[in-house]
Each structure stands twice: as C-alpha cells, then as structure tokens.
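Worksheet for the structure shown next.
Labels below follow one simple rule: chain letters A, B, ... track the order of the sequence lines, proteins then strands, and each chain is numbered from 1.
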Amino acid sequence: MTDKNNIEIPEEKKSLNFIEQIIEEDLNSGKHKEIITRFPPEPNGYLHIGHAKSIILNFGLGEKYKGKTNLRFDDTNPAKEDTEYVDSILEDVQWLGFKWHGKVHYASDYFNQLYEWAVKLIKDGLAYVDDQSGEEISVMRGTPTKPGTESPNRNRTAEENLDLFIRMKNGDFKDGEKVLRAKIDMSSPNMHMRDPVMYRIKHAEHHRTGNKWCIYPMYDFTHGQSDYIEGITHSICTLEFENHRPLYDWFMDHIYEEGRTRPRQIEFARLNLSYTVMSKRKLAELVEEKYVSGWNDPRMPTISGLRRRGYTPESLKLFADKVGIAKRENIIDVGLLEYSIREHLNRTAQRVMTVLNPLKVTITNYPENEEELLPAINNPEDETMGEREVPFSKILYIEKEDFKEVANRKFFRLKLGGEVRLRYAYFIKCNEVIKDETGQITELLCTYDPLSKGGKSPDGRKVKGTLHWVSAKHAIDVDIRLYDRLFSDESPDGHKNKDFKEFINPNSLTVLENCKAEPFLKNAKSGDRFQFERLGYFCVDKDSFENKIIINRTVPLRDSWKNK
RNA sequence: UGACCCAUGGUGUAAUGGUAACACAGCUGGUUUUGGUCCAGCCGUUUCAGGUUCGAAUCCUGGUGGGUCAGCCA
C-alpha cells in the first residue's frame with residue numbers, strides 16, 4: 001500500500017457502522033449467502049422519526065447488501081392494535097421509498113406455529129401453566145437485586161400442563177386466570193429469564209384473527225420465532241431489548257432445527273431529538289388532549305407530521321446518514337434535521353417571492369397603468385429548472401421588516417433616503433414615509449431607476465440590499481402557518497418531577513392571513529414545495545381549498561443576520 | 001447494593017495497535033441580484049487511575065459517570 005512505485009490511489013472507503021461490519025463478516029465467512037432484515041412495528045400508533053431511522057437502517061441494509069427486507073406487524077396484543085395504524089404504517093414506509101420483500105407479514109400469521117412450539121416446550125418439560133395471579137407472579141419474580149421464588153405450580157407434569165394449556169386455548173378460563181410460562185431460572189440475575197410468561201388469556205377480538213384465539217403469545221415468545229420463520233438473518237432492534245437477547249436465544253435453542261437460518265438479534269441506540277418527545281404514549285397524549293391537531297400535525301415528529309410539514313423522504317435519509325448508527329445514548333440537535341431538509345430543498349425547490357407581512361410601496365415615477373414581466377431564475381442551484389416571469393407595476397408590497405425609517409449601517413435593507421434593489425426588478429429609493437394617526441407606517445413612496453432594470457446597476461453603483469417583493473395588482477392571497485418547536489425545553493421529558501407538557505411552547509403555531517404571493521403560486525397543489533426567497537422553505541397544506549391556498553413553513557432559511 | 005450495555009469537541013459519528021477525521025452548531029473572513037447557497041480559517045492533551053506495548057482513543061484491570069431490566073405491553 002505504501003509502495004512508492006505504486007501510483008494507485010487507495011479508494012476512499014466510507015467507514016462501516018458496527019452492524020454493517022457484522023453483516024460483512026457474516027457474508028465473507030459464508031455464514032449467510034444473503035441477508036434478510038425486517039422492520040417489525042406494532043400497529044398501535046403512528047410512526048415517528050425514530051422509526052424512520054430504523055426503517056432506513058433495515059431497508060437500507062437490505063438494499064446495500066442485495067438482500068431482502070420484510071415488513072412484519074408485531075400484532076400479538078389485540079387490545080391495543082388497530083387497522084388504522086396498519087394503514088398509516090404502510091403509507092409511511094412506502095412514502096419513504098421502500099419496498100418490502102413479498103407480502104406484508106403479520107406475527108398473527110404464525111399463531112398456529114407458535115402454539116405448536118409452545119406445546120413442544122411443554123412436552124419437553126420447558127414450559128408450565130401457572131395459576132398465580134398477575135400480582136403474585138410479580139411479587140414472586142423478586143427484584144433486580146433479589147432472586148425470585150419458584151411458583152408452586154412449577155413442577156406440574158407435562159401431561160397436566162398440556163391439558164391445562166389446551167383448555168386455556170379452548171376458552172375454559174377467564175382472562176388472567178392462567179398463563180403459560182417458560183421454565184428457566186427464577187434466580188437468574190436477568191429478570192427476563194425468571195420464568196417469563198409465554199402466553200396469556202385475552203378474550204378479545206384481534207384485528208386479523210378475529211375471535212379465533214383467546215390466548216395470545218407474548219413479544220418474547222413471538223419475535224424471535226417470527227424472525228426464524230421468515231429466515232431473518234439479522235434482527236435489528238433498539239437497546240432496551242438488550243436484556244431480552246438471552247431469552248431470544250433460549251427460545252431459539254429449543255426450537256431450532258439444524259440447517260435452517262438462525263437469526264441473530266443486534267441492538268442499536270434509538271434516536272432522540274432535541275425539543276420534542278418521541279414516545280408513542282406521549283405523542284398520543286398530545287393528540288388526545290388537543291395540544292396538536294392530530295398525529296399528522298406539522299409540529300409532530302411523526303413521519304406523517306414531517307411529511308405534512310414539507311419534509312422529503314430524501315431529507316430524512318440524509319438526516320439518518322448524518323446521525324449514524326451506534327450504541328451510545330444520544331440526543332440529536334433538531335438543527336441537524338433542519339439542515340437536512342434545507343440541503344435537499346436548496347437543490348430542488350422552485351424559488352418564488354412571497355411577502356408575509358405586506359407593506360405597501362408606491363413607485364411614484366412609474367407610469368400609472370404600466371406593467372411589465374421580468375424574468376426570474378427558478379433555482380440558481382439548478383439551471384435546468386429555467387426561468388419564469390414576474391409581473392411588476394406601480395404598486396408593490398415588500399416585507400414590513402425590510403424597512404426602517406432610520407437604521408445603522410448594519411441594516412442594509414430599505415431606509416428613508418436609502419436605495420435597495422428589488423430582486424430581478426429595479427433599484428428603488430425611499431423618499432417619503434406615510435403613517436396613520438397612531439404612527440404606524442402604512443405606505444412608502446419611492447422612486448425607481450428605469451436604467452436599473454433586471455437589478456443591474458447601469459453606472460456601476462452598488463446597493464447592499466436586495467429585497468423580495470410582489471406586485472399588488474397581481475398578487476394572490478395565501479394563508480401561511482409558521483411553526484416553531486413544540487417545546488421550549490431541549491429535553492421536555494428529561495425532568496424528574498415535571499410533566500413534559502409543562503414545556504409546551506405556546507407560540508409553536510402562528511397563522512398569517514392574506515400574505516401576498518407571486519402569481520406563479522396560483523396553480524400550486526397540496527404537497528408542492530417552494531423556497532420563498534429570503535424567507536424559507538414552504539409546503540402547500542392539504543387544508544387548502546378552492547380559492548384559498550394554505551401553506552406550511554417547513555423551515556426558515558439560515559439567517560446569519562442576527563441583529564435585531 | 002445484581003446482570004447487561006455505553007463513555008472521543010457544544011451535538012453526533014469515524015479512526016479496527018501507528019500523525020484523532022467528518023458533519024452539524026458557534027465564531028472570523030471571502031464570494032454573492034436570496035443577510036440563502038458556496039469557499040477559507042478557528043474551535044478536543046479521546047471520563048479518571050494504573051498496566052501491556054517501541055507505540056494505546058483502540059487491548060487488560062480498577063474507579064467514576066450514564067442507560068436498561070421488577071407488564072399477563074412491544
């Protein structure tokens with residue numbers, strides 16, 4: 001490699017994360033010819049950006065290593081699950097641009113097989129039916145530092161256990177009356193190994209199996225086996241399942257058949273984002289208590305919320321890439337997410353001029369009924385997007401905050417007696433300020449320099465500021481929703497004795513009505529994204545109707561002018 | 001007073017025993033018909049203490065700090 005005669009430039013190899021390293025080892029060693037991963041949501045809520053990280057990881061690995069990725073619903077708890085969530089999850093995964101291999105899988109598809117494995121474990125003396133109440137079981141389990149106590153039912157014969165289990169299945173018992181437990185070790189230092197419950201009785205209707213079953217397997221007795229059935233090679237989950245891995249392996253040890261693919265569980269750190277909460281329970285609370293308009297409120301960190309806010313699938317992939325994969329607990333600065341959407345939209349978004357808080361400007365030396373069309377660049381980062389024409393006339397709107405009667409030299413926008421450029425139009429100079437009785441500025445009287453058409457100075461004189469503007473006569477009215485972070489605290493659920501809702505930002509939504517937009521926006525459709533010059537990236541909301549366009553601000557432009 | 005896991009700039013992620021790299025944030029400055037973009041520079045004696053080694057962010061031991069586990073949730 002360091003041979004001086006060797007003129008080969010070593011390939012710049014992007015470093016692998018620890019999961020990719022494991023996969024490459026497994027592929028190189030021949031342990032697996034092909035990898036199969038899976039994304040296994042429980043359909044009991046909407047997906048959030050943390051799930052997006054997991055989806056991108058699992059499907060990304062499948063693509064990178066030319067393997068497969070399954071989508072499997074972990075639907076073993078009929079009390080909490082619903083097809084509404086199934087539908088939203090399907091939509092979100094597809095929106096992110098991923099295609100699962102084959103059909104959609106459901107853990108409930110495996111209930112028969114799971115039942116048979118349970119019977120096998122009973123016959124092998126590795127599982128027993130326990131009559132104790134939930135509370136008794138809990139007490140008998142001990143604590144992390146004190147070993148548990150064995151159940152009085154622990155040494156029933158296989159025959160008795162089998163009979164009882166069949167009767168559980170047949171509906172002979174009420175909810176909670178009996179459970180099936182694995183017979184492992186009540187004194188294990190790992191709580192999960194203290195005879196974990198495998199099956200519980202729930203007389204509830206399941207969203208897919210209806211009333212066929214009244215016993216349902218627990219997560220631990222379902223997940224690994226589902227992986228096994230599907231031939232999953234790498235079962236990737238978050239850190240809190242680390243302590244479950246010995247149990248995952250224990251069940252696998254007792255059902256595994258030589259020659260089949262044996263799945264391996266690998267854990268990575270879940271995503272945490274600053275200034276928001278990520279748990280399904282807390283997000284549901286925000287929805288139920290109407291702090292937001294729904295799961296897809298643009299302030300929510302849900303995939304559907306981000307989508308409505310204007311985030312693109314590409315931006316979330318860019319974000320996931322920057323965030324990386326590791327085992328360290330983390331809180332990612334929400335600024336990184338914002339950077340990611342700017343990065344994508346800067347390259348792709350149509351530019352347009354819109355005035356949020358209009359201030360009337362009359363060009364006193366511009367002919368009364370004259371109007372002209374001025375060419376404007378659609379995206380300076382992408383020539384192929386071409387140009388459009390923007391109408392100019394005597395009466396215009398500029399942004400209120402772009403004018404100050406008097407200001408220091410750091411303020412290089414419009415001031416009384418000062419000159420600025422109107423983007424793609426002319427240089428204008430402000431000569432007079434008109435105010436109402438209360439002293440509020442209502443109008444500016446300006447003159448333009450006809451020779452500066454297009455914004456180029458004819459005599460080489462410079463202006464420091466360039467403003468966006470809209471012709472009053474041609475402007476269309478739009479309503480704009482400005483969003484700020486939902487919480488005012490960096491880690492709203494990180495305070496011991498405080499409810500996360502105490503940190504809700506009361507100003508997370510500002511609605512501006514009758515903003516003035518360039519006519520180009522007339523035909524904008526729900527979901528269209530734009531850069532409003534000098535302001536930020538915006539996305540047309542689905543709430544828009546016939547003749548009123550409603551627009552969400554996705555994210556402001558970076559602003560290095562932090563005077564004010 | 002258990003088991004398992006983690007520890008590198010403000011925030012994340014690399015460096016796989018051989019000069020601590022990249023991104024974001026922040027701060028300077030340059031370019032610019034968006035105070036955007038783009039470009040350049042600045043910003044860490046790798047949690048501590050020992051040990052192994054010619055050489056340690058990396059391996060070993062111990063400490064400290066943090067996380068997870070006591071659902072018939074996933």
Side-chain angles (χ1 to χ4, degrees), chain A residues 14-18 21 40-42 44 74-77 79-81 130 132-135 137-139 141-148 175-181 187-194 196-202 215-216 218-220 222-223 237-246 267 269 274 280-281 321-333 335-340 342-343 346-347 351 353 376-377 380-381 410-413 421-425 427 454-457 463-468 531-536 556-563:
Chain A
K14 208 199 166 203
S15 62
L16 303 175
N17 66 50
F18 78 100
Q21 288 177 33
E42 185 192 11
N44 70 340
D74 227 329
D75 56 350
T76 58
N77 187 357
K80 293 187 176 177
E81 295 149 7
D130 198 350
Q132 296 182 108
S133 70
E135 198 171 324
I137 289 177
S138 175
V139 171
R141 189 155 25 224
T143 72
T145 53
K146 280 200 286 280
D175 286 10
E177 232 177 294
K178 294 200 170 3
V179 290
L180 182 71
R181 301 177 71 179
S187 61
S188 170
N190 181 338
M191 297 290 289
H192 298 286
M193 300 299 271
R194 321 241 262 229
V197 173
M198 294 166 59
Y199 267 92
R200 75 285 215 193
I201 299 170
K202 272 180 191 280
I215 56 170
Y216 292 93
M218 298 286 291
Y219 166 85
D220 285 306
T222 305
H223 202 97
C237 61
T238 45
L239 248 29
E240 67 270 27
F241 291 99
E242 218 155 19
N243 291 340
H244 295 240
R245 181 152 31 93
E267 311 85 14
S274 63
K280 275 188 200 172
R281 203 208 87 227
D321 186 58
K322 290 183 225 300
V323 161
I325 300 295
K327 297 189 74 164
R328 198 177 349 173
E329 294 286 339
N330 59 77
I331 301 180
I332 307 294
D333 188 341
L336 192 63
L337 180 64
E338 297 177 342
Y339 176 85
S340 302
R342 288 193 193 105
E343 185 182 11
N346 177 49
R347 302 196 305 250
R351 266 60 166 178
M353 292 193 286
I377 293 166
E381 306 300 316
K410 287 276 198 66
F411 181 86
F412 44 86
R413 305 179 185 185
R421 169 169 39 234
L422 294 180
R423 181 142 227 226
Y424 300 127
F427 284 14
K456 282 178 280 287
S457 49
V463 288
K464 198 82 166 97
T466 300
L467 308 187
H468 61 280
Q531 184 198 98
F532 289 175
E533 297 232 16
R534 303 210 303 135
L535 296 176
L557 248 32
R558 188 161 161 266
D559 185 5
S560 59
W561 186 62
K562 52 251 153 192
N563 219 4

Hunt down the Watson-Crick or G-U wobble partner of [N], both distances under 3.5 Å, from any strand shown, or write none.
N     : value
B/A21 : B/U13
B/A3  : B/U68
B/U31 : none
B/U53 : none
B/U58 : none

How would you label the contact of [X] with the nucleic acid (heavy atoms, under 4.0 Å): base, sugar-phosphate, or nothing?
X        : result
A/Glu381 : base
A/Tyr424 : base
A/His468 : nothing
A/Phe412 : base
A/Gln132 : base
A/Asp74  : sugar-phosphate
A/Glu533 : base
A/Arg351 : base
A/Val323 : sugar-phosphate
A/Ile201 : nothing
A/Pro246 : nothing

The side chain of [X] lies closest to which of these nucleotides: [options]?
X        : options             : result
A/Trp561 : B/A14, B/G36, B/G35 : B/G35
A/Thr145 : B/G2, B/C69, B/G36  : B/G2
A/Ser15  : B/C73, B/C5, B/A15  : B/A15
A/Met218 : B/A25, B/G35, B/G71 : B/G71
A/Met191 : B/C5, B/A23, B/A70  : B/A70
A/Arg200 : B/A14, B/C5, B/A74  : B/A74

Does [X] make a side-chain N or O approach to OP1 or OP2 of [N] shorter than 4.0 Å?
X        : N     : answer
A/Thr76  : B/A74 : yes
A/Arg194 : B/A70 : no
A/Ser188 : B/A3  : no
A/Arg534 : B/G35 : yes
A/Arg181 : B/G71 : no
A/Arg141 : B/C72 : yes
A/Tyr339 : B/C24 : yes
A/Lys202 : B/C73 : yes

Does the side chain of A/Asn77 come within less than 4.5 Å of A/Tyr219's, by heavy atoms?
no

In whole Å, what separates the [atom1] atom of [N] from that of [M]?
N     : M     : atom1 : value
B/C43 : B/G10 : P     : 13 Å
B/G55 : B/G50 : P     : 16 Å
B/C4  : B/U19 : P     : 34 Å
B/U47 : B/A7  : C1'   : 7 Å
B/U68 : B/A74 : C1'   : 15 Å
B/G41 : B/C5  : C1'   : 40 Å
B/A70 : B/G65 : P     : 23 Å
B/C6  : B/C54 : P     : 29 Å

Test item: A/Arg342 side-chain N/O and A/Pro556 main-chain N/O as donor-acceptor pair under 3.5 Å
yes

Once rounded to the nearest 0.5 Å, what's the spacing between atom OH of A/Tyr199 and atom OG1 of A/Thr222?
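One gets 7.0 Å once the value is rounded to the nearest 0.5 Å.
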
Taking syn as any angle within 90 degrees of 0 and anti as the rest, which one fits B/G10?
anti

Distance criterion of 3.5 Å, no angle test: do you see the side chain of A/Asn346 paired donor-to-acceptor with the base of B/U37?
no

A/Lys464 atom NZ, over 12 foreign heavy atoms within 6.0 Å:
no

Can a donor-acceptor pair be found between the side chains of A/Arg194 and A/Ser188 at a distance below 3.5 Å?
no

Between A/Ile215, A/Asp220, A/Leu180, which is the residue that forms a side-chain contact (heavy atoms from CB on, under 4.5 Å) with A/Met198?
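Exactly one option meets the side-chain contact (heavy atoms from CB on, under 4.5 Å) with A/Met198, and it is A/Leu180.
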
